[in-house]
Amino acid sequence: MHLKPLNGVLGAFVEDVDLSSPMNADQQFLLEKWLGEHGVLCFRQQNITPVQLREFSARFGTLEINVANSFQEPGLPEVMILSNILENGKPIGFQDAGQSWHTDMSYSSTVAFTNVLYALQVPVRDGEPLGCTEFCNTQAAYEALPADIKNTLKDMHISHDFAKFWDMMRLQKNSSRPPLTEAQRRAKPPVIHPIFPVHPITGRRVLYANPGYSVRIVELSEADSDQMLDYLFKHQTEKRFHYRHRWQVKDVLMWDNIGTIHNAVADYNSNEHRLIKRCQVMADRFQELSV
């Protein structure tokens, strides 16, 4: 198993590994180390079943079952289907998953550690892949903040709310998302996390904020919080922190939800089919986000 880092702030390819085969402890340790250091890992030309996707992902922590409780692999609720394909007039997967900057599960008391996605169909137009996934490095974004901002915010916290992203996506044209039920909202109440936690693998501080789920800096007035969050969101999504993954069929893509934020680019049409299967790994093997 070898690492081929990209020439940038994020991303690396992992070569000479077959994810359909059992993984040993040394390989797992290396992958976690590389994930913390590089944020996004890509394994090309993998041939895995949904069960193997689940088994590989589960080595890194407890797998989340999404609160929406829909578009799951039959018999495997931990495997979510992301797709714009219709069968008999009905969607087979989430059509708009991830289509705005966010980090998964910041809305939970136990946040996400890593996502593992497997591409089965990738839309292509004029030889170029569509439906790319963009990432920004939140460790680098923290380090590039002005000293006065770091000092002002160092002991503060942000509230995160699952409903913010869901409701925002429902306002988009042709959204198929139903409104959240009261039971779903109660299952995911807002939570609070430190704004600059320490990454559990690298020991570097992270700007743990994202436009999708972050609602309020709790120690500031609403107006001051809105102004500061607007600044932080613009800062962390600057191009200098950015990597854009161009999907290929049979890619397995694994990313760090603590050290990155991401965005699924919706630049393909309904007849340009995209099909990806996903597992989401909780950070329950680490302590809660700490300062």
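Only this structure's heavy atoms are used, side chains among them; waters, hydrogens and symmetry mates stay out.
Cluster annotation: Val122 and Leu53 are assigned to distinct hydrophobic clusters (Ile/Leu/Val/Met/Phe/Trp/Tyr, side-chain heavy-atom contacts under 4.5 Å, transitive). Two different hydrophobic clusters hold Val51 and Ile65 under the rule that ILVMFWY side chains link at heavy-atom gaps under 4.5 Å.
Counting only heavy atoms from C-beta outward, the side chains of Ile276 and Trp247 approach each other to under 4.5 Å. Asn269 is listed as a side-chain neighbour of Arg125, based on a closest heavy-atom distance under 4.5 Å. With a 4.5 Å cut-off on side-chain heavy atoms, Phe13 and His2 do not count as touching. Inter-residue side-chain proximity for Val218 and Ile158 is flagged as unmet; no heavy-atom pair is nearer than 4.5 Å. In this structure the side chain of Phe94 never reaches within 4.5 angstrom of the side chain of Ser83, judged on heavy atoms. You'll find the side chain of Thr260 stays beyond 4.5 Å of the side chain of Tyr243, heavy atoms only. The closest side-chain heavy-atom distance from Lys250 to Gln45 is below 4.5 Å. By the 4.5 Å heavy-atom criterion applied to side chains, Leu3 and Val14 are counted as neighbours.
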Phe43 vs Leu31, side-chain contact (heavy atoms from CB on, under 4.5 Å): CA-CA, chis, key distance, verdict | CA-CA 11 Å; Phe43 309 78; Leu31 287 183; 3.9 Å; yes
Residues Leu30, Met1; criterion side-chain contact (heavy atoms from CB on, under 4.5 Å); working and verdict | CA-CA 9 Å; Leu30 267 181; Met1 190 168 70; 4.0 Å; yes
Show your working on side-chain contact (heavy atoms from CB on, under 4.5 Å) between His157 and His193 and close with a plain yes or no.
-> CA-CA 5 Å; His157 303 76; His193 297 298; over 6 Å; no
Walk me through it: do Arg216 and Glu222 pass the test side-chain contact (heavy atoms from CB on, under 4.5 Å)?
-> CA-CA 7 Å; Arg216 172 84 180 267; Glu222 184 174 357; 4.0 Å; yes
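Defined by atom type and a distance below 3.5 Å, a donor-acceptor pair is missing between the side-chain atoms of Asn84 and Ser270. Arg59 and Gln28 share a donor-acceptor pair across their side chains, judged by distance under 3.5 Å alone. Side-chain contact of Asn210 with Ser106: a donor-acceptor pair under 3.5 Å is present, judged by distance alone. Judged purely by distance below 3.5 Å, without hydrogens or angles, the side chains of Asn137 and His242 never pair a donor atom with an acceptor atom. A side-chain N or O of His102 and one of His262 form a donor-acceptor pair less than 3.5 Å apart. For the residue pair Thr202/Gln139, the side-chain donor-acceptor check at 3.5 Å is satisfied.
Centroid-to-centroid, the aromatic rings of Phe135 and Trp255 come within less than 6.0 Å. Checked against the 6.0 Å centroid threshold, Tyr107 and His160 do not count as a close aromatic pair. Here the two rings, on Phe241 and His235, have centers that are under 6.0 Å apart.
In this structure, the separation between CG on Leu63 and CZ on Arg278 is 11.0 Å, given to the nearest 0.5 Å. To the nearest 0.5 Å, atoms CG (Leu82) and OH (Tyr118) are separated by 14.5 Å. Taking CD1 of Ile192 as the reference point, atom OG of Ser109 lies at 12.0 Å (rounded to 0.5 Å). Within the model, atoms CD1 of Ile195 and CG of Asp155 stand 11.0 Å from one another, a figure rounded to the nearest 0.5 Å. A distance of 12.0 Å separates CG in Leu10 from CD in Glu134, rounded to the nearest 0.5 Å.
The closest donor-acceptor contact from the side chain of Ser108 to the backbone of Val111 lies at 3.5 Å or more, if one exists at all. Under the 3.5 Å distance criterion, the side-chain polar atoms of Asp256 are left unmatched by any main-chain donor or acceptor of Val40. Using a distance-only test at 3.5 Å, with no hydrogens or angles considered, a donor-acceptor pair links the side chain of Gln46 to the main chain of Leu19. Judged purely by atom type and a 3.5 angstrom limit, Asp226 has no side-chain atom pairing as donor or acceptor with the backbone of Ala223.
For the pair Lys154 and Phe196, the cation-pi test (distance below 6.0 Å, angle within 45°) is failed.
Ion pairing between a basic and an acidic side chain is recognised when a charged N comes within 4.0 Å of a carboxylate O; Glu32 and Arg285 show such pairing. Taking the charged nitrogens against the carboxylate oxygens, Glu238 and Lys234 have no contact shorter than 4.0 Å, which rules out a salt bridge. Salt-bridge annotation for Glu128 and Arg246: present, with a side-chain N of the basic residue lying under 4.0 Å from a carboxylate O of the acidic one.
Across every non-hydrogen atom of Gly61 and Asp284, the tightest pair is CA-OD1, 3.8 Å. Closest of all the heavy-atom pairs between Cys132 and Pro129 is SG-O, 3.9 Å. The shortest non-hydrogen separation linking Leu41 to His38 is CD2-CB, 4.4 Å. Considering all non-hydrogen atoms of both residues, Val9 and Ala140 come closest at CG2-CB, 4.0 Å.
Taking a 6.0 Å sphere around CD of Gln227, one finds it holds 12 or fewer heavy atoms contributed by other residues, nucleotides or ligands. Annotation: Asp16, atom CG; neighbour count of heavy atoms from other residues, nucleotides and ligands within 6.0 Å is above 12.
For residues 112-121, no pair satisfies salt bridge (Lys or Arg N to Asp or Glu O under 4.0 Å), with sequence neighbours left out.
Not counting sequence neighbours, the partners of Val215 by the side-chain contact (heavy atoms from CB on, under 4.5 Å) test are Ser159, Asp161, Lys164.
Through direct or indirect side-chain contacts shorter than 4.5 Å among Ile, Leu, Val, Met, Phe, Trp and Tyr, Leu130 is connected to Tyr268.
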